[in-house]
Amino acid sequence: MARYDYDLFTIGAGSGGVRASRLAAGFGARVAVAEDRDLGGTCVNVGCIPKKLMVYASHVREELEDAEAGFGWTIGERHFDWGRFIEKKDAEIRRLNGVYERLLHAAGVEILAGRARVVDPHTVEVDGRRLTAAHVLVATGSRPFRPAIPGAEHGITSDEVFHLKQQPERVVIVGGGYIAVEFAGILTGMGSTVTQLYRGPMFLRGFDDTLRSGLADEMRKKGVDLRFVQDAVELCRREDGPLCVTLRDGSSLDCDEVLFATGRSPNTADLGLREAGVELDDAGAIRVDPFSRSSVDSIWAIGDVTNRINLTPVALHEGICLANTLFNDRPMQPDHSGVPSAVFSQPVIGTVGLTEAQARERCDEVLVYCSGFRPLKHTLTGRDEKSLMKVLVDAESDRVLGIHVLGPDAAEIVQGFAVALRCGVTKAQLDATIGIHPTAAEELVTLREPVGRDLED
Ligand code: NDP
């Protein structure tokens, strides 16, 4: 007779929780996962996947314009139907929910629909039912954070923007991170009028400065009203319908929706974690050791709830490591170094490794290779859009420290170069690689002369 009902009880069926559960079951563990919402978590339901589908939908506008301007096409009347698109998008998300369910079943993982709470280090409760497990995995993700300003309840977050019944004509986006810039591009492309407010002097803090300002220029050209050193201090609803946003400088703006894209908070409330002895940090995230173990030996945590690097592929990696550590006799610490990422802004940012500022802090001499050019396609369309590529090299060792790309396909390009960086690629090896012509990516293997000045000045 087993001592516990399960070997692993996972709370949360998002990217990390599902991957860890399936893999653990594959290693022979008896696994259950509890989820009180749709399977697949943020990424599948209100994150990466529907966001990328929206990017595709919004980008059609420029493709049609370009076809007419540069490639001899005559396009008839254009109209974007928000309702029709949302229906298609929702159908795809439902299909993916089903895929997740089938994958879990096929792996032999028991799915419990309901909210789970930790009762003690080996016991969880789901809708009044107590279950025991040798190990409990908390993979509950994060939720959008809304600043505490008067009238904040009138605004929406990324959880709601995917389900709006109507396309807002005028939108104010608050924030300057991934979600804010991505939705500024999406909604502008779909035809909304977008004002983006960012409290600091330049958005996308933490990204390479050349790309930050390059993206700001491109977004402005596409019609986004970007306002830096600006913020919303109060929201109210006017009697005749629109929202009124009071800005930090005392001016005000009327709009149909305010989207708060002001970060996310770990989902640790009402889970019984503190009572069970699980330590949380100041942001409410679960503190874990390098193996993702919490301060309680039998309780583990992965993904956004630990607030390490909050990206789906990182949560998947943490899940793989955990399942191997616990049930495959192969202890694995997740490796959080050199994680590439993309911002699906318009144009896209793809990035891996150090920014120029970080590289200069860590190395005596940094060689900066940079190229700015108009994509070939736009030589015919006349569109005023510029791509940027930047390669940072440690002068002493010739090692490539960082690669940053702004432009169409940047995410696809950087994924490949991220492998090279992981392998310790040198500038000489990039130079020895033959380019593929004509592509934008070939620039990265044909950058010959370092720029003689600090581009971030
Ligand atoms: P981010 O942490 O990326 O950005 C939050 C933004 O909101 C920052 O610009 C921040 O400013 C600003 N902000 C924070 N608090 C306030 C406040 N009280 N008032 C005004 N502004 C504020 O969060 P997001 O919500 O954009 O995204 C959450 C996370 O989800 C990302 O960090 C990322 O990990 C993940 N994600 C990844 C995507 C991808 O891979 N493409 C896409 C979307 C999300 P400041 O910089 O000054 O602190």
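Just so you know, ligand 1 is whichever comes first in the structure, and atom 1 is the first atom listed for that ligand. Everything numeric here is computed off the predicted structure, so don't read it as measured data.
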- Lys NZ or Arg CZ of Lys51 over Phe344 ring: under 6.0 Å, within 45°: no

- Within 45° of the axis and under 6.0 Å from the centre of the six-membered ring of Phe228, does NZ or CZ of Arg220 qualify? yes

- Message: Quick test of your reading: applying salt bridge (charged side-chain N to carboxylate O under 4.0 Å, His left out), list the pairs with at least one residue in residues 147-161, sequence neighbours left out, ordered by first then second residue.
- Response: Arg146-Glu160

- Message: Tell me whether Lys386 at atom NZ has more than 12 heavy atoms from other residues, nucleotides or ligands lying less than 6.0 Å away.
- Response: no

- Item | Which residues share a side-chain contact (heavy atoms from CB on, under 4.5 Å) with Ala420, sequence neighbours left out | Val425

- Set of residues satisfying side-chain contact (heavy atoms from CB on, under 4.5 Å) with respect to Ser142, sequence neighbours excluded: Arg264, Asp304

- Kindly tell me which protein residues have any non-hydrogen atom under 4.0 angstrom away from an atom of ligand 1, grouped by chain and ordered by number? Lys51, Phe145, Pro147, Gly175, Gly176, Gly177, Tyr178, Ile179, Glu182, Tyr198, Arg199, Arg205, Asp231, Ala261, Thr262, Gly263, Arg264, Asn310, Leu311, Ala342, Phe344

